[in-house]
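Heavy-atom basis, side chains included; hydrogens, waters and symmetry copies ignored.
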Amino acid sequence: MARSASATGAHALVFGASGLAGWGVVDQLLSNYPAPGAFSHVTALVNRPFSVADSCWPDPSPSRPKLQLVSHVNLLKGSVEDFTAFLKCEVEDIGSVTHAFYFAYKQEQEPDVETKVNRDMIERAIGALNILSPNLKFVVLPSGTRGYGIHIPGGVFKAPFKESMGRLPEPIASNVFCFAHQDALEEMSKGRNWTWCEVRPDAIIGFVPNGSTFNLPAHWATYLSLYALVEGKGAEVPFPGTVPAYNSLFNDASADIIAKFSIWACLHPEKCGGGELFNIADQAPPSRMSERWPAIAKYFGLEGVGPDIDGKDVLKPGEYIEKHKQVLEAWGGKGSRVFKAEYLDEYGYHFTFDRHMILEKTRKVGFEEEIEPNTSWFKAFDRLRLAGMIPG
């Protein structure tokens, strides 16, 4: 049976705490964002187990919220009642949970399967909290620019994206799980004392200590650090993609800024509740990879240049890593363990269209924080090196 905890302040429950955005939420909460004392207790739920010692989160301290890490949290199976019993047994003082960050996600090959699986997961999770956590005030749900149709070749909506564009047209919308999440939360919040919002970034710039899916910074960090080992410092490295992708507009979204706004939003339910959708990014002005790639490459001692026009002899990052894997093996580090890296190889070939967002709504409710985008990339790389996941 779980031990009782004395929760004098807010208690945050983070589903998917080993993912890019979920890890960032726990990191910011333990760093006392937005102020010391805002939260007294943080419970991090993960499926793939890792230890607090290996988490790379801030060290425990009397001045930080108390952390509980719960592993083997499987949202894929069983009923709401089954998951309710699991949380009741494993989570300290589950009844004191005030804010839930639902950052869990299961990738599936077939969009319709992915939509159903992810709706079932959130129904188990929030259904259990409706039973166990009478003090729940707010649920934060992240999505992504897939909600604007960027996964469709050429895009669907014309950028810049704004929240008022609404849902994608059918049949596309039925195969995008974030809309199923919206429907589930709208239904489960009816007649309850809690409310919710959705936070929508583009590709997430962040770090996790035990591998993750679709982690572009980790994939490129492995590629570029290996490239420097094989080709030598100062070597030119072309952007892995096309000229249109190199020059298309987008907004960087670090795990830090996503986490900060998610926490800020849950503490301002009067402004951010009611199922509102908010775009989030490091900065309001959009960027291009033609600005970002040279700086990223320079971090690894390389000269980042534009795409190879012919592209005949250019290996994609994943192909290059596979060709020279013996160099990484000789290095002997942990490795960044990027799942679905083959999809990330297409990043510079698929996103040939503008996909930047307007942050006006986020600013209007009072969230003004910004982060210099290069800093976000460098911070992710620093953390990967410190964790021994890329050569340094």
Verify, without hydrogens or angle tests, whether [X] (side chain) and [Y] (backbone) share a donor-acceptor contact under 3.5 angstrom.
X	Y	result
Ser61	Ser63	yes
Asn32	Ala35	no
Asn130	Met188	yes
Ser133	Ile94	yes
Trp23	Ser55	yes
Arg48	Asn210	yes
Arg288	Leu249	no
Asp282	Ser254	yes
Arg355	Ala159	no
Glu198	Leu277	no

Side chains of [X] and [Y]: is there a donor and an acceptor less than 3.5 Å apart?
X	Y	value
His11	Thr43	yes
Asp354	Ser248	no
Asp54	Ser51	yes

task: Taking the side chain as every heavy atom from C-beta outward, state whether Pro307 and Pro238 have any atom pair closer than 4.5 Å.
output: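 No, side chains not in contact.
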
- prompt: So Leu226 and Val327, side chain to side chain contact (heavy atoms under 4.5 Å, CB included) or not? Walk me through it.
  reply: CA-CA 8 Å; Leu226 175 61; Val327 178; 3.7 Å; yes

Taking every non-hydrogen atom, the tightest pair across [X] and [Y]:
X	Y	result
Ser18	Val46	N-CG1, 3.6 Å
Tyr227	Ala235	CE2-CB, 4.3 Å
Ser376	Ile371	OG-CG2, 3.3 Å
Cys178	Ser143	CB-CB, 3.7 Å
Ser71	Phe86	O-CZ, 4.1 Å
Leu132	Thr84	CD1-O, 3.4 Å

field: ring-ring contact (aromatic ring centres under 6.0 Å, His included) partners of residues 88-116, not counting sequence neighbours, each pair once
entry: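 Listed by first then second residue: Phe15-Tyr102, Phe39-His99, Tyr102-His181, Tyr105-Phe177.
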
query: Applying the ring-ring contact (aromatic ring centres under 6.0 Å, His included) test to Phe161, which of Tyr148, Phe250, Phe278 qualifies?
result: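 Single pass found, and it is Tyr148.
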
- request: Please report the C-alpha distance between Glu276 and Lys361 in whole Å, then the side-chain angles of each, then the deciding distance to 0.1 Å, and finally whether the salt bridge (Lys or Arg N to Asp or Glu O under 4.0 Å) criterion is met.
  value: CA-CA 10 Å; Glu276 290 290 337; Lys361 185 176 178 181; 2.5 Å; yes

Just jot down the salt bridge (charged side-chain N to carboxylate O under 4.0 Å, His left out) partners of [X], sequence neighbours excluded, or say none.
X	answer
Lys325	Glu322
Arg64	none
Arg363	Glu370
Lys137	none

Side-chain donor-acceptor pairs under 3.5 Å in residues 257-265, sequence neighbours left out?
unit_1: Lys260; atom_1: NZ; unit_2: Glu369; atom_2: OE1; d: 3.4
unit_1: Ser262; atom_1: OG; unit_2: Ile258; atom_2: O; d: 2.8

task: Check whether the ring centres of Trp220 and Trp293 lie less than 6.0 Å apart, and answer yes or no.
output: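 Distance test on ring centres: under 6.0 Å, yes.
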
query: Should we say atom CD of Glu110 is surrounded by more than 12 heavy atoms from elsewhere, each under 6.0 Å from it?
result: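 No - once you tally the heavy atoms of other residues, nucleotides and ligands closer than 6.0 Å, there are 12 at most.
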
- request: Please list, chain by chain and in numerical order, all residues satisfying side-chain hydrogen bond (donor to acceptor under 3.5 Å, both in side chains) with Asn251, sequence neighbours excluded.
  value: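 Residues passing side-chain hydrogen bond (donor to acceptor under 3.5 Å, both in side chains) with Asn251: none at all.
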
- prompt: With sequence neighbours excluded, what pairs up with Lys271 under the side-chain hydrogen bond (donor to acceptor under 3.5 Å, both in side chains) test?
  reply: none

Single-linkage hydrophobic cluster, 4.5 Å side-chain cutoff, [X] and [Y] together:
X	Y	value
Leu29	Tyr33	yes
Leu359	Val365	no
Phe353	Phe157	yes

message: Among residues at least two apart in sequence or on other chains, which ones pass ring-ring contact (aromatic ring centres under 6.0 Å, His included) with Phe300?
response: Phe381

- request: Evaluate the ring planes of His324 and Tyr320, with Trp represented by its six-membered ring, and classify them as parallel (under 30°), tilted (30 to 60°) or perpendicular (over 60°).
  value: tilted

- prompt: Could you go step by step and tell me if Val305 and Val237 meet the side chain to side chain contact (heavy atoms under 4.5 Å, CB included) rule?
  reply: CA-CA 6 Å; Val305 297; Val237 55; over 6 Å; no

Stepwise side chain to side chain contact (heavy atoms under 4.5 Å, CB included) check, Tyr347 with Lys316: CA-CA 10 Å; Tyr347 178 91; Lys316 293 177 180 178; over 6 Å; no

For a quick test of your reading: what N or O donor-acceptor pairs under 3.5 Å do the side chains of residues 382-392 make, sequence neighbours left out?
unit_1: Asp382; atom_1: OD1; unit_2: Tyr299; atom_2: OH; d: 2.5
unit_1: Arg383; atom_1: NH2; unit_2: Asp27; atom_2: OD2; d: 3.1
unit_1: Arg385; atom_1: NE; unit_2: Pro391; atom_2: O; d: 3.4

- request: Could you note down all residue pairs passing side chain to side chain donor-acceptor pair (under 3.5 Å) where residues 150-161 supplies at least one of them, sequence neighbours left out?
  value: none

Glu123 and Arg119: CA distance, side-chain angles, deciding distance, salt bridge (Lys or Arg N to Asp or Glu O under 4.0 Å) verdict: CA-CA 6 Å; Glu123 286 180 344; Arg119 171 148 187 169; 2.8 Å; yes

Between the side chains of [Y] and [X], is the shortest nitrogen-to-carboxylate-oxygen separation below 4.0 Å, so that they form an ion pair?
X	Y	value
Glu92	Lys66	yes
Lys116	Asp120	yes
Glu319	Lys323	no

N/O donor to acceptor pairs below 3.5 angstrom from side-chain atoms of residues 165-174, sequence neighbours left out:
unit_1: Arg167; atom_1: NE; unit_2: Gln182; atom_2: OE1; d: 3.4
unit_1: Arg167; atom_1: NH2; unit_2: Phe179; atom_2: O; d: 3.3
unit_1: Arg167; atom_1: NH2; unit_2: Gln182; atom_2: OE1; d: 3.2
unit_1: Arg167; atom_1: NH2; unit_2: Asp183; atom_2: OD1; d: 2.6
unit_1: Glu170; atom_1: OE1; unit_2: Ser174; atom_2: N; d: 3.2
unit_1: Glu170; atom_1: OE1; unit_2: Ser174; atom_2: OG; d: 2.7
unit_1: Glu170; atom_1: OE2; unit_2: Ser174; atom_2: OG; d: 3.0

message: Let's go through Thr222 and Leu328 carefully: what are the C-alpha distance in whole Å and the side-chain angles of both, what is the deciding distance for side chain to side chain contact (heavy atoms under 4.5 Å, CB included) to 0.1 Å, and is it a yes or a no?
response: CA-CA 9 Å; Thr222 302; Leu328 282 179; 3.8 Å; yes

